[in-house]
Colleague: 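Could you have a look at this structure, given as structure tokens, before my questions?
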Amino acid sequence: MNLYLVEYFVIMLNVCLSHGLGYKAKKAIYIVTAIQLILIVILRSPIDGFWPDTENYLNTFKYFNSYVSFKQICTTGWEPGIVLLVKLISIVSVDEQIYIVVLGLLILIPIFIMIWKECDFPILGLLVFYSMGCLFVTSIYRQWLAIAILAWSLRYVYRRDLKKFLLFLLIAFIFHRTAIVFLGVYFLYNYRISGVKLIVAMISSAILGITGRFVLMLANRFARMQVVAENNGGFILLLVLWGCVLVSYFYMKMDMKNPKVRLPFNIVLFAAVIQPISFTFSLWSRIVIYFSMYLVLLLPQLISAIKSSISNDGAWFVIENAFMIVMLGWFIQSRTSTYIPFFELK
């Protein structure tokens, strides 16, 4: 745990240091911080403290590299994208650590590039990403590969290039079928929010929480595996999502004409609406993460908007650091979830 807390405070320091610097200096700080986070992921041990999801990936990696036919591999139920990727990695090396390194790089680099290009305050975006525990849930590699590909596709949503967006959506789909849910993001681009629509969204979110079992029953009709209803929390994330949505609407209502504000807001709003289903179906959180991850864009936008409304530098310094302390609390809470780091510094 100590290693991760130290890294959090390092990112906090980098956020503070980035103020008043030029473009090149800010970019250098961002790159150094991103590299630190990447190293945390790719240098963890392949044997100590693995969450069962990752153990399954390692066992499958060994199986794919054994002398089995392609037909046998296809019967595993894994998507063709990850099968092809594993076979390509095995051409270079059959070492498990190399496998982790390659997957970690393929997941984090596109996401960090997206944050740098699309975020008003990129280094703060990295802090939000880290606070959410996203760095540690990369144990569900197939889905995070899909999320990384979709993060890269966000540029085509802004450019209104449907063909390229659909191409990347298809690529993400062959890594994890749930990626298809991201299709709606292209159409969220033009959604115009209002106070009435926000109230309707909140009511819809409550209804989904109440009728979660019915949604689960409907989903089971199309699922490969039947899922039993279970309640493993998710209330804190719901509060965070709706809190961010409501405060963002209050501070940035007049900025919603700007696509850089409107799209992240709409994506996070959608995450808030559907999150209550997780109260009944805990694995639904793996659907929500496709959308809640874009807090990495919305929250820095919100902090920038608050900053522009405050002329007192001292007050702004207090607010920014208070925000990072709150995010530290979320970070510590996320470490108690089922998604945990793979090694601890002894």
Side-chain angles (χ1 to χ4, degrees), residues 1-44 101 104-105 107-138 144 147-148 151-152 154 240 244 248 260-261 264 268 292-308 310 312-335 339 341-345:
M1 179 62 172
N2 293 337
L3 171 66
Y4 304 110
L5 282 176
V6 169
E7 178 59 26
Y8 188 91
F9 288 116
V10 169
I11 301 175
M12 284 184 64
L13 177 62
N14 289 344
V15 170
C16 296
L17 290 176
S18 66
H19 291 300
L21 297 179
Y23 174 82
K24 290 184 177 179
K26 288 182 178 179
K27 187 174 183 178
I29 290 177
Y30 183 85
I31 292 174
V32 169
T33 306
I35 290 174
Q36 290 171 358
L37 298 183
I38 290 172
L39 289 176
I40 287 177
V41 170
I42 67 177
L43 295 183
R44 49 196 173 186
V101 167
L105 292 174
I107 291 169
L108 294 178
I109 289 177
I111 292 175
F112 290 168
I113 290 175
M114 181 275 293
I115 293 174
W116 172 256
K117 289 183 175 295
E118 309 298 347
C119 187
D120 271 2
F121 198 167
I123 187 67
L124 190 60
L126 283 186
L127 183 134
V128 173
F129 182 82
Y130 193 60
S131 301
M132 293 171 64
C134 290
L135 196 70
F136 306 135
V137 301
T138 47
W144 273 91
I147 290 173
W152 190 268
L154 197 68
V240 169
C244 292
S248 296
K260 295 288 186 179
V261 176
V268 175
S292 63
M293 194 198 78
Y294 289 92
L295 283 169
V296 301
L297 301 184
L298 180 63
L299 283 177
Q301 290 275 14
L302 174 59
I303 295 301
S304 296
I306 295 174
K307 180 180 180 180
S308 64
I310 297 175
N312 188 306
D313 290 340
W316 160 241
F317 178 81
V318 171
I319 291 173
E320 181 183 68
N321 282 276
F323 169 77
M324 290 192 289
I325 291 172
V326 170
M327 295 305 293
L328 173 61
W330 191 12
F331 169 72
I332 294 173
Q333 184 277 330
S334 71
R335 287 277 288 106
Y339 302 112
F342 295 158
F343 75 91
E344 293 285 355
L345 193 64

Colleague: Once you round to the nearest 0.5 Å, how far does CG of Leu37 lie from CZ of Phe112?
Modeller: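 Going from CG on Leu37 over to CZ on Phe112, the span is 4.5 Å.
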Colleague: Work out which heavy atom in Ile115 is nearest to a heavy atom in Pro122; give both atom names and the distance.
Modeller: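 Minimum heavy-atom contact is CG2-O, 3.7 Å.
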Colleague: Does the side chain of His19 come within less than 4.5 Å of Phe121's, by heavy atoms?
Modeller: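 Side chain of Phe121 against side chain of His19, heavy atoms only: contact under 4.5 Å found.
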Colleague: State, yes or no, whether a side-chain contact exists between Tyr294 and Leu154 at a heavy-atom distance under 4.5 Å.
Modeller: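 The answer is yes; the side chains approach within 4.5 Å.
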Colleague: Check side-chain hydrogen bond (donor to acceptor under 3.5 Å, both in side chains) between Ser248 and all other residues, then give those that pass, not counting sequence neighbours.
Modeller: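 Ser248: no side-chain hydrogen bond (donor to acceptor under 3.5 Å, both in side chains) contacts found.
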Colleague: Mind checking the OH-CD1 spacing from Tyr8 to Ile325? Nearest 0.5 Å is all I need.
Modeller: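 One gets 8.5 Å once the value is rounded to the nearest 0.5 Å.
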Colleague: Can you tell me if Lys260 has over 12 outside heavy atoms packed within less than 6.0 Å of its NZ?
Modeller: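 Enclosed.
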Colleague: Are Lys307 and Glu320 close enough that some pair of their side-chain heavy atoms sits under 4.5 Å apart?
Modeller: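 The answer is no, as the side chains (C-beta and beyond) never meet within the 4.5 Å cut-off.
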Colleague: Quick one: closest heavy-atom pair of Val128 and Pro300, and the distance?
Modeller: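 That would be CG2-CD, 4.5 Å.
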Colleague: Nearest 0.5 Å, what's the CD-CG distance between Gln301 and Asp120?
Modeller: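 That separation rounds to 4.0 Å.
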Colleague: With side chains defined as the heavy atoms from C-beta onward, is the minimum distance between Ile123 and Leu127 less than 4.5 Å?
Modeller: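 They are not in side-chain contact.
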Colleague: Which atom names give the shortest non-hydrogen contact between Cys16 and Met324, and what distance separates them?
Modeller: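 For Cys16 versus Met324, the nearest heavy atoms are SG-CE, 4.0 Å.
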Colleague: Could you tell me whether the side chain of Glu118 reaches within less than 4.5 Å of the side chain of Pro264, counting heavy atoms only?
Modeller: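 They are not in side-chain contact.
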Colleague: Val240 and Met132: side chain to side chain contact (heavy atoms under 4.5 Å, CB included), yes or no, with the steps?
Modeller: CA-CA 10 Å; Val240 169; Met132 293 171 64; over 6 Å; no
Colleague: Could you check if a side-chain atom of Leu297 sits within less than 4.5 angstrom of a side-chain atom of Met114, using non-hydrogen atoms only?
Modeller: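 The answer is yes, as the side chains (C-beta and beyond) meet within the 4.5 Å cut-off.
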Colleague: Between Ile40 and Tyr130, does the side chain to side chain contact (heavy atoms under 4.5 Å, CB included) criterion hold? Intermediate values first, please.
Modeller: CA-CA 11 Å; Ile40 287 177; Tyr130 193 60; 4.2 Å; yes
Colleague: Walk me through whether Val10 and Thr33 qualify under side chain to side chain contact (heavy atoms under 4.5 Å, CB included).
Modeller: CA-CA 8 Å; Val10 169; Thr33 306; 5.9 Å; no
Colleague: Hey, do the aromatic rings of Trp116 and Phe129 have their centres closer than 6.0 Å?
Modeller: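 No, too far apart.
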Colleague: Can you check whether Phe323 reaches Ile306 side chain to side chain, under 4.5 Å on heavy atoms?
Modeller: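 SC-SC contact between Phe323 and Ile306 ruled out.
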Colleague: Only one of Leu13, Leu126, Ile11, Asn14 forms a side-chain contact (heavy atoms from CB on, under 4.5 Å) with Ile29, so which one is it?
Modeller: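 Only one option passes, and that is Asn14.
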Colleague: Side chains of Leu299 and Cys244, heavy atoms from C-beta outward: is any pair under 4.5 Å?
Modeller: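 Leu299 vs Cys244: side chains touch.
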Colleague: Looking at every heavy atom in both Trp144 and Ile111, which two are closest together, and how far apart are they?
Modeller: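 Here Trp144 and Ile111 meet closest at CZ3-CD1, 3.6 Å.
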